Amino acid sequence: MTTTTPSPPASTMRASVMTGVRTLEIEDRAIPSPGPYEVLVEVAAVGVCGSDVHYYRDGRIGDFVVAEPMVLGHELSGRIAAVGENVDQSRVGQRVAVEPQHPCRRCTQCTAGRYNLCPDMKFYATPPIDGAFCRYVTIDANFAHAVPDSMSDDAAALLEPLSVAVATMRKAGVVPGSSILIAGAGPIGIITAQAARAFGAARIVVSDPVQERRERALTFGATEIIDPIAHDVAALDPQVDVFVDASGAIPAVQSGIRAVGPAGRVVLVGVGNDNYPLPVSHIQNLEITVTGVFRYTDTWPAAIHLVASGSVDLDRLVTGRYDLDHVAEALESDTDPASLKSIVVPR
Ligand SMILES: NC(=O)c1ccc[n+]([C@@H]2O[C@H](COP(=O)([O-])OP(=O)(O)OC[C@H]3O[C@@H](n4cnc5c(N)ncnc54)[C@H](O)[C@@H]3O)[C@@H](O)[C@H]2O)c1
Ligand SMILES: [Zn+2]
Ligand SMILES: [Zn+2]
């Protein structure tokens, strides 16, 4: 496929701006200029994430409060429209997936290669940093990851949640033959199930109280499903090597940990609760490692490979597509249990 160089952008762009709880306004904003090591990306597709929905409905997630007008959206793909002075000019026109974060690159965590833990991180659509429900964004050139033409704009955008799953597989030490329990069959749980299969897991159990969500997991890599209301997840037999919580539900974490066998690993991905009881003697007596995942470091190359090689299918997650004038509908689409992933195409 030949790539065409986009015409130089105008000086302003349309953006969907969250100006209050459940309030969005279309604004004309200045198109940002790329810094010396940045690129300007013309946005092609943006996935709607649960965190966007939380900010929209509640105006906050924990200590992160939307105090000023902010653009939501952090799962995105697009095409490089312009480059900063120190970036290879031949990249203009390249299709890219954006890794939506700006670590400082100088602190101890960045230097140690754990830039997701950078205390000075600027992350898209996390107050006060604007996200991508708009026509153009800027990003460091090396966080604009080139994608093959075989990959759709939607799939390239959804490399972001796949990156969470790749980080989770690495933390969980999933290898060929592993057994894994995943709590939650929302987008993250579904993508985690696909990633687990791609990493070679032999047994993939997915729990979700919603029957429709649970059954859908079977088409995305789950080898077994379990209703956590009707059945005791902790009694899974045999026990699993790995438990991933992708629900954020306290009972899911408590029962999931007890489903893990000796020397197993637990990775907490779901968020939303602090300070609740855990089955400590089970963790202690079986030497289970319990850890969390906070986004990702260096996952796009692996995620691109998983999709380009056909091991993970992200296109099949997409259940709705909306333009900039219908971002509110995109953010409310999760009220339909049949909805899995909505995409905003910023036209
Ligand atoms: N740590 C990170 O870096 C990171 C990144 C992205 C998302 N997240 C978090 O991951 C979680 C999942 O994201 P999502 O978009 O898929 O959310 P989601 O709300 O769409 O899905 C959660 C699912 O969990 C199910 N659930 C509820 N109670 C359960 C129980 N007791 N047992 C099993 N399943 C249960 C729900 O029915 C739902 O299907 C959220 O908490 C999100 O904030 C974390
Ligand atoms: Zn997200
Ligand atoms: Zn840093």
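Fair warning: this is a prediction, and the values are worked out from it, not measured in the lab.
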Novice: Work out which heavy atom in L317 is nearest to a heavy atom in P187; give both atom names and the distance.
Specialist: CD2-O, 4.4 Å
Novice: May I ask whether I250 and V267 are part of the same hydrophobic cluster, defined by side-chain heavy atoms of I, L, V, M, F, W, Y residues being less than 4.5 angstrom apart, directly or through others?
Specialist: no
Novice: Tell me, do P100 and E160 make a side-chain contact under 4.5 Å, heavy atoms counted?
Specialist: yes
Novice: Determine whether more than 12 heavy atoms belonging to other residues, nucleotides or ligands lie under 6.0 Å from atom CD of E68.
Specialist: no
Novice: As an exercise, state the distance from CD1 of I257 to CZ of F243, rounded to the nearest 0.5 Å.
Specialist: 6.5 Å
Novice: I'd like to know if the side chain of T23 and the backbone of T19 have a donor-acceptor N/O pair within less than 3.5 Å.
Specialist: no
Novice: My understanding is that only residues two or more places apart in sequence, or in another chain, count here; which of them pass ring-ring contact (aromatic ring centres under 6.0 Å, His included) with H54?
Specialist: none
Novice: To check you understand the geometry: which heavy-atom pair defines the closest contact between N273 and G248, and what is its length?
Specialist: ND2-O, 2.7 Å
Novice: Please table the atom pairs, donor to acceptor, closer than 3.5 Å between any side-chain atom in residues 339-347 and protein atoms at least two apart or in another chain.
Specialist:
unit_1 : atom_1 : unit_2 : atom_2 : d
S339   : OG     : S333   : O      : 3.3
K341   : NZ     : V48    : O      : 2.9
K341   : NZ     : E75    : OE1    : 2.9
K341   : NZ     : E75    : OE2    : 3.3
S342   : OG     : S333   : OG     : 2.6

Novice: Are I129 and V98 linked, directly or through intermediate hydrophobic residues, by side-chain heavy-atom contacts shorter than 4.5 Å (ILVMFWY only)?
Specialist: no
Novice: With sequence neighbours left out, what residues match R214 under salt bridge (Lys or Arg N to Asp or Glu O under 4.0 Å)?
Specialist: D227
Novice: To the nearest 0.5 Å, what is the distance between OH (Y55) and SG (C49)?
Specialist: 10.0 Å
Novice: May I ask you to test the L40-P32 pair for a side-chain heavy-atom distance under 4.5 Å?
Specialist: yes
Novice: Under 3.5 Å, is there a donor-acceptor pair between the side chain of R216 and the main chain of A338?
Specialist: yes
Novice: Could you list the residues that satisfy side-chain hydrogen bond (donor to acceptor under 3.5 Å, both in side chains) with R57, not counting sequence neighbours?
Specialist: E332, D334
Novice: So do the side chains of Y276 and L278 get within less than 4.5 Å of each other, counting heavy atoms only?
Specialist: yes
Novice: Spell out, as yes or no, whether a donor-acceptor pair under 3.5 Å connects the side chain of T192 to the backbone of I190.
Specialist: no
Novice: Sequence neighbours excluded, which residues qualify as salt bridge (Lys or Arg N to Asp or Glu O under 4.0 Å) partners of R258?
Specialist: none
Novice: How would you list, by chain and number, every residue that makes a side chain to side chain contact (heavy atoms under 4.5 Å, CB included) with R91, sequence neighbours excluded?
Specialist: I80, V83, V87, D88, Q94, V96, A141, A144
Novice: If you round to the nearest 0.5 Å, how far is CG of D237 from CG of D232?
Specialist: 11.5 Å
Novice: Which residues pass the salt bridge (Lys or Arg N to Asp or Glu O under 4.0 Å) test with R170, not counting sequence neighbours?
Specialist: none
Novice: Is it possible for you to say whether V205 and F199 belong to one hydrophobic cluster, with membership spreading through side-chain heavy-atom contacts below 4.5 Å?
Specialist: no
Novice: Measure across G73 and A125 and return the closest heavy-atom pair with its distance rounded to 0.1 Å.
Specialist: N-CB, 3.5 Å
Novice: Between I180 and L236, is there shared hydrophobic-cluster membership here, with clusters defined by ILVMFWY side-chain heavy atoms closer than 4.5 Å?
Specialist: no
Novice: Go through the steps for V21 and D58 under the test side chain to side chain contact (heavy atoms under 4.5 Å, CB included), then give the verdict.
Specialist: CA-CA 6 Å; V21 170; D58 305 331; over 6 Å; no
Novice: Once salt bridge (Lys or Arg N to Asp or Glu O under 4.0 Å) is applied, do any residues pair with E27, and if so which ones, sequence neighbours excluded?
Specialist: R29
Novice: Quick one: are P119 and C107 in side-chain contact, heavy atoms under 4.5 Å?
Specialist: yes
Novice: Would a 4.5 Å heavy-atom cut-off, applied to side chains only, mark D52 and L331 as touching?
Specialist: yes
Novice: Taking all non-hydrogen atoms of both residues into account, name the closest pair between V41 and G78 and its distance.
Specialist: CG1-CA, 3.8 Å
Novice: Evaluate S51 against H74 for side chain to side chain contact (heavy atoms under 4.5 Å, CB included), listing each step before the verdict.
Specialist: CA-CA 9 Å; S51 64; H74 62 263; 3.2 Å; yes
Novice: In Å, rounded to the nearest 0.5 Å, how long is the span from OH of Y37 to CG of D140?
Specialist: 11.0 Å
Novice: Could you walk me through whether D153 and R95 satisfy the salt bridge (charged side-chain N to carboxylate O under 4.0 Å, His left out) test, starting with their C-alpha distance in whole Å, then the side-chain angles of each, then the deciding distance to 0.1 Å, before giving a yes or no?
Specialist: CA-CA 8 Å; D153 291 336; R95 295 181 62 240; 2.9 Å; yes
Novice: Rest of the hydrophobic cluster containing V175 (Ile/Leu/Val/Met/Phe/Trp/Tyr, side-chain heavy atoms under 4.5 Å)?
Specialist: none
Novice: Identify the heavy atoms of V233 and A259 that sit nearest to each other, and give their distance.
Specialist: O-CB, 3.5 Å
Novice: Tell me which one of D130, V46, L72, V137 satisfies side chain to side chain contact (heavy atoms under 4.5 Å, CB included) with Y124.
Specialist: V137
Novice: Which ring-ring contact (aromatic ring centres under 6.0 Å, His included) pairs, counting each pair once, include a residue from residues 300-341, with sequence neighbours left out?
Specialist: H145-W300, Y296-W300
Novice: Indicate every side-chain donor-acceptor pair of residues 59-66 with a distance under 3.5 Å to a residue at least two apart or in another chain.
Specialist:
unit_1 : atom_1 : unit_2 : atom_2 : d
R60    : NE     : G62    : O      : 3.2
R60    : NH2    : G62    : O      : 3.2

Novice: To the nearest 0.5 Å, tell me how far R197 CZ sits from M169 CE.
Specialist: 12.5 Å
Novice: Any side-chain to backbone donor/acceptor pair from T223 onto I204? Under 3.5 Å, distance only.
Specialist: yes
Novice: Between D325 and R14, does any side-chain N to carboxylate O distance fall below 4.0 Å?
Specialist: yes
Novice: Taking all non-hydrogen atoms of both residues into account, name the closest pair between S247 and A252 and its distance.
Specialist: OG-CB, 3.4 Å
Novice: Can you confirm whether L159 sits close enough to V147 that some side-chain heavy atom of one is under 4.5 Å from a side-chain heavy atom of the other?
Specialist: yes
Novice: Measuring from atom CD1 of I225 to atom CD of Q211, what distance do you get when rounded to the nearest 0.5 angstrom?
Specialist: 8.0 Å
Novice: Short question: side chain of Q194, backbone of D313 - any donor-acceptor pair under 3.5 Å?
Specialist: yes
Novice: In chain order, what residues pass the ring-ring contact (aromatic ring centres under 6.0 Å, His included) check against Y115, with sequence neighbours excluded?
Specialist: F143
Novice: Are V260 and V242 joined in one hydrophobic group, where the rule is that I, L, V, M, F, W and Y side chains link up if heavy atoms are under 4.5 Å apart?
Specialist: no
Novice: Looking at T297, T299, D298, which one forms a side chain to side chain donor-acceptor pair (under 3.5 Å) with N116?
Specialist: T297
Novice: Using a strict cut-off of less than 4.0 Å between a Lys/Arg side-chain nitrogen and an Asp/Glu carboxylate oxygen, indicate whether R203 and D241 qualify as a salt bridge.
Specialist: no
Novice: Between H102 and E38, does a side chain to side chain contact (heavy atoms under 4.5 Å, CB included) hold up when you go through it step by step?
Specialist: CA-CA 11 Å; H102 290 274; E38 290 184 335; 3.5 Å; yes
